[in-house]
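What you see is a predicted model; the values in this text were computed from it and never measured. In what follows, chains are A, B, ... by sequence order, proteins preceding strands, each numbered from 1.
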There are 2 protein chains.
Amino acid sequence: MTHQRQVLYEAMQKMHGHPSPEDVYLRVRRRIPSISLATVYKNIHLFIESGILREVSLHHGSLRVEMNAHAHHHLICVVCKSITDIDEAVLPLAAKPKHLPGGFRAERYAVDVLGRCQACQKEESAQKAS
Amino acid sequence: MTHQRQVLYEAMQKMHGHPSPEDVYLRVRRRIPSISLATVYKNIHLFIESGILREVSLHHGSLRVEMNAHAHHHLICVVCKSITDIDEAVLPLAAKPKHLPGGFRAERYAVDVLGRCQACQKEESAQKAS
DNA sequence: TATTGAACGATAATAATTATTGTTTGTCAA
DNA sequence: TTGACAAACAATAATTATTATCGTTCAATA
């Protein structure tokens, strides 16, 4: 735990909403003007990997288009980032209200299940054994 | 509806999974070797805006970190891209099974509600009136 | 058929992220 | 304490994804 990491963590705890790395960078610069944006990125990734922080919705590097026409949700492996479709019927959402607090009008409900795919589970248990 | 747009649409209909614009570009090049990647991007955006296609999970331009520590989901406005937290209790998920088809082990359930925030609804009805 | 605006291809520009490199710093053992 | 080593750092180059620009082409229509 270095000084930069400590200050980054504390600064982020005081932030709200859904800041980007750039946002964090601008804020933490007030404490450590010499900090590098690369350091911010590296530490945010560390925080996410260690489970201290979460990212809002998984970033797949680039835009991805949905080719499956019928209603479904996604199983996303946090290790290999693979995306698998799962039929909506298998994943029951209790209700899908059209109107939500704050006057928000819902048009679609998308469920992302984050976890580990079978292959990555096996990979990890194999590594543990060795 | 131009020739490129037609071919793009047909080629994409034959694709499966969650292709990126680059994937689509490589594929459609077999039909129109002279096509430009920019054309692919422009048409994919057109398809998404018109509702013919969907994107896998909304892209917020950059990584976003979650600062809200307690369980919640997201209301995402498809017009202004704003993200609002909503307590998990308000959005009941019928069940959150740990084990899913294909041996996937679930660790977290994230619900994104896509729709229109109040401000954008007002904006749109004002435009319609004028 | 001539016009004209939308769409195209090529490519420059921008934004987001990651990799590289040389330097600094903290830790541990001699 | 000092010397060696590894991890982390800042600076910045490089890469990747995406968008904007611009001159040209094409297709609908007047």
Side-chain angles (χ1 to χ4, degrees), chain A residues 1-12 15 17-50 52-67 76 78-83, chain B residues 1-12 15 17-50 52-67 76 78-83:
Chain A
M1 179 60 82
T2 64
H3 178 60
Q4 280 83 346
R5 191 165 302 161
Q6 182 76 36
V7 173
L8 267 169
Y9 180 75
E10 284 166 11
M12 292 178 76
M15 298 181 78
H18 314 91
S20 67
E22 189 73 27
D23 295 332
V24 174
Y25 175 57
L26 292 176
R27 165 132 191 177
V28 85
R29 261 183 152 188
R30 307 201 308 234
R31 297 283 178 81
I32 309 178
S34 67
I35 201 168
S36 161
L37 180 57
T39 301
V40 174
Y41 268 96
K42 274 181 282 192
N43 281 293
I44 287 178
H45 286 316
L46 270 178
F47 292 150
I48 290 172
E49 278 160 35
S50 71
I52 295 171
L53 287 183
R54 288 173 176 169
E55 53 183 310
V56 169
S57 57
L58 282 212
H59 226 236
H60 296 110
S62 67
L63 172 69
R64 299 301 194 86
V65 182
E66 190 62 75
M67 298 318 304
I76 301 176
V78 298
V79 179
C80 70
K81 313 285 183 190
S82 67
I83 310 171
Chain B
M1 179 60 83
T2 64
H3 177 61
Q4 279 84 345
R5 191 164 302 162
Q6 182 76 37
V7 174
L8 267 169
Y9 180 76
E10 285 167 11
M12 292 178 76
M15 297 181 80
H18 315 90
S20 67
E22 190 72 28
D23 295 332
V24 175
Y25 175 57
L26 292 175
R27 166 132 190 177
V28 84
R29 261 182 152 189
R30 307 200 307 232
R31 296 282 178 82
I32 308 178
S34 67
I35 201 168
S36 162
L37 180 58
T39 301
V40 175
Y41 269 96
K42 276 181 280 190
N43 280 292
I44 287 177
H45 286 315
L46 270 178
F47 292 150
I48 290 172
E49 278 160 34
S50 71
I52 296 172
L53 287 183
R54 289 173 173 169
E55 54 183 312
V56 168
S57 58
L58 282 213
H59 226 234
H60 296 111
S62 67
L63 173 69
R64 298 301 194 85
V65 182
E66 190 62 75
M67 298 318 304
I76 300 177
V78 297
V79 179
C80 70
K81 313 286 182 189
S82 67
I83 309 172

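Within a 6.0 Å sphere centred on CZ of A/Arg27, other residues, nucleotides and ligands contribute more than 12 heavy atoms. For B/Arg5, the CZ atom is densely surrounded, since the number of other residues' heavy atoms within 6.0 Å is greater than 12.
What separates CD of A/Gln6 from C1' of C/dT25 is a distance of 16 Å, to the nearest Å. For B/Leu26 and D/dA17, the CG to P distance is 11 Å, given to the nearest whole Å. Atom-to-atom, CG of B/Leu63 to C1' of D/dT16 comes out at 16 Å; the value is rounded to the nearest Å. Rounded to an integer number of Å, the gap from CZ of B/Arg5 to C1' of C/dC8 is 10 Å. Atom CE of B/Met1 is separated from atom P of D/dT29 by 15 Å (rounded to the nearest Å). In this entry the distance linking OH of B/Tyr25 with P of D/dT16 reads 15 Å, nearest Å. Summarising the geometry, the separation between OH on A/Tyr41 and P on C/dA16 is reported as 7 Å, rounded to the nearest angstrom. The nearest whole Å value for the distance from the NE2 atom in A/His59 to the P atom in C/dA16 is 9 Å.
Across all strands shown, A/His45 has heavy atoms under 4.0 Å from sugar-phosphate atoms exclusively, and none from any base. A/Gln4 comes within 4.0 angstrom of the backbone, heavy atoms only, and of no base.
Remark on DNA chain D: of its neighbouring residues B/His3 and B/Pro21, the 5'-side contact belongs to B/Pro21, judged by nearest-heavy-atom nucleotide. Where B/Thr2 and B/Leu37 each meet DNA chain C at their nearest nucleotide, the meeting point lying more 5' is that of B/Thr2. Comparing B/Val40 and B/His60 along DNA chain C, the residue whose closest nucleotide (by nearest heavy atom) sits nearer the 5' end is B/Val40.
Put simply, A/Asn43 has no side-chain N or O that comes within less than 4.0 Å of OP1 or OP2 on D/dA8. Checking the phosphate oxygens (OP1, OP2) of D/dA10, a side-chain nitrogen or oxygen of A/Thr39 falls inside 4.0 Å. Note on A/Ser36: every side-chain N or O is 4.0 Å or more away from OP1 and OP2 of D/dA11.
By the 4.5 Å heavy-atom criterion applied to side chains, B/Glu66 and A/His18 are counted as neighbours. Between B/Phe47 and A/Val65 the shortest side-chain heavy-atom distance does not fall below 4.5 Å.
Relative orientation of the B/His59 and A/His59 rings is parallel, given thresholds of 30° and 60° on the angle between their planes.
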